[in-house]
Amino acid sequence: MPLLRFVCCLLIAVSTWFAAGSACAAEEFRVPILLYHRFGPTVADGMTVTTPVFESHMKYLHDNGYTVIPLRRLVDHYRGKAPAPKPKSVVIVADDAHKSVYSDMLPVIRRYGYPVTVFTYPSAISNAKYAMTWEQLRELRKTGLFDIQSHTYWHPNFKKERKKLSGEAYDKFVTTQLLKSKTKLESELGTKVDLLAWPFGIYDDYLIKKAVAAGYVASFTIERRHATPRDPIMKLPRYLLINSDSGKAFIQLLEGNAVKRNVVY
């Protein structure tokens with residue numbers, strides 16, 4: 001009888017161990033968040049990915065079994081509201097709302113039906129020659145493929161602002177950048193804005209605390225690696241792509257072996 005009890009206990013323990021292992025395996029994931037800025041026929045600057053190279057990226061994802069998921073779905077998993085992303089999941093985002101997102105990115109995205117999140121700083125919209133207009137952003141929204149989120153109000157360098165402002169003035173400045181962007185985007189586009197991309201990838205604990213207080217539930221850096229379950233939701237990494245991230249370099253990036261580089265804005 002003691003032997004039977006021992007065997008039963010052992011079987012229960014083994015079953016529990018396997019169940020726990022399966023649960024951990026199900027939660028494990030590695031998702032590359034692909035960050036683009038500008039597009040065009042030639043490399044106009046360090047942030048331009050030529051339209052043919054961008055199209056080759058999308059074709060590679062399509063032809064090689066990758067699933068492009070909305071950024072929101074990944075965020076929802078971190079918040080306990082969605083299952084873990086499946087293997088070979090990828091996220092596509094764009095910073096700055098450059099006019100080439102409308103002219104060059106949109107036609108390619110429509111062809112593949114991939115979801116995209118555009119991080120926007122509203123001060124440039126319908127003002128700066130390089131940026132989209134509010135009407136173009138609304139058209140993006142109407143496709144059902146584009147989500148518009150915050151990149152602060154006018155893309156400041158928080159390190160520089162902190163050096164030149166008093167503590168009280170800096171605190172007010174940060175609050176304005178975070179809240180004014182959120183309010184403007186929500187009022188113009190009728191959308192929920194609670195995701196934030198840090199300008200220049202600059203963040204610290206103070207800025208994260210301010211972002212949470214302003215109503216943001218996730219924020220994004222430009223640390224060049226895959227997002228994993230171990231990443232804090234307010235420090236999710238993204239790959240900032242440039243034109244040389246093509247061919248074998250793009251494949252290596254998707255596999256988690258990206259070329260290391262210091263990106264200079």
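Index from 1, following the sequence. Quick caveat: nothing in here was measured; it's all calculated off a predicted structure.
- For the 3.5 Å distance criterion, the side chains of Asp95 and Tyr36 fail to qualify, holding no donor opposite an acceptor.
- Side-chain N/O atoms of Tyr170 and Glu161 include no donor and acceptor closer than 3.5 Å.
- Annotation: cation-pi geometry satisfied between Arg238 and Phe119 (NZ/CZ under 6.0 angstrom from ring centroid, within 45° of ring axis).
- Here Lys180 pairs with nothing under the salt bridge (Lys or Arg N to Asp or Glu O under 4.0 Å) rule; sequence neighbours left out.
- Residues Asp147 and Val118 are not in side-chain contact: their nearest non-hydrogen atoms beyond the backbone lie 4.5 Å or more apart.
- Ring orientation note: the planes of His57 and Phe54 are nearly perpendicular, at an angle over 60° on the 30°/60° scale.
- Remark: aromatic rings of Tyr239 and His226 are close, center separation under 6.0 Å.
- Residues Thr176 and Tyr153 bring no donor and acceptor atom of their side chains to less than 3.5 Å of each other.
- The ring of Tyr114 has its center no closer than 6.0 angstrom to the ring center of His62.
- Ring pair Tyr121/His151 is tilted by interplanar angle, where 30° to 60° counts as tilted.
- Outside the 6.0 Å centre-distance limit, the rings of Trp134 and Tyr102 are not counted as a close aromatic pair.
- Side-chain contact between Thr221 and Leu236 is absent, with no heavy-atom pair separated by less than 4.5 Å.
- Hydrophobic cluster membership differs between Val43 and Val108, with clusters built from Ile, Leu, Val, Met, Phe, Trp and Tyr side chains linked at under 4.5 angstrom.
- Using a 4.0 Å cut-off between charged side-chain N and carboxylate O, Asp204 and Lys235 make no salt bridge.
- Side-chain contact between Ser181 and Leu185 is present, with at least one heavy-atom pair separated by less than 4.5 Å.
- Hydrophobic cluster membership is shared by Leu35 and Ile251, with clusters built from Ile, Leu, Val, Met, Phe, Trp and Tyr side chains linked at under 4.5 angstrom.
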| What do the steps show when you test Glu186 against Lys182 for salt bridge (Lys or Arg N to Asp or Glu O under 4.0 Å), and what is the final call? | CA-CA 6 Å; Glu186 289 180 342; Lys182 190 176 189 298; 3.2 Å; yes

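- In summary, the side chains of Thr175 and Lys210 do present a donor paired with an acceptor at a separation below 3.5 Å, with no hydrogens or angles considered.
- No continuous path of ILVMFWY side-chain contacts below 4.5 Å connects Leu196 to Leu179, so the two sit in separate hydrophobic clusters.
- In the hydrophobic clustering of this structure, Leu145 groups with Tyr112; members are Ile, Leu, Val, Met, Phe, Trp, Tyr whose side-chain heavy atoms approach within less than 4.5 Å, directly or through other members.
- The aromatic rings of Tyr66 and Tyr60 lie tilted to each other, with the angle between the two planes from 30° to 60°.
- The existence of a salt bridge linking Asp96 and Arg38 is confirmed by a sub-4.0 Å separation between a basic side-chain nitrogen and an acidic carboxylate oxygen.
- No side-chain heavy atom of Phe200 sits under 4.5 Å from any side-chain heavy atom of Phe158.
- Residues Phe39 and Val53 form no side-chain contact, since every pair of their non-hydrogen atoms from C-beta on lies 4.5 Å or further apart.
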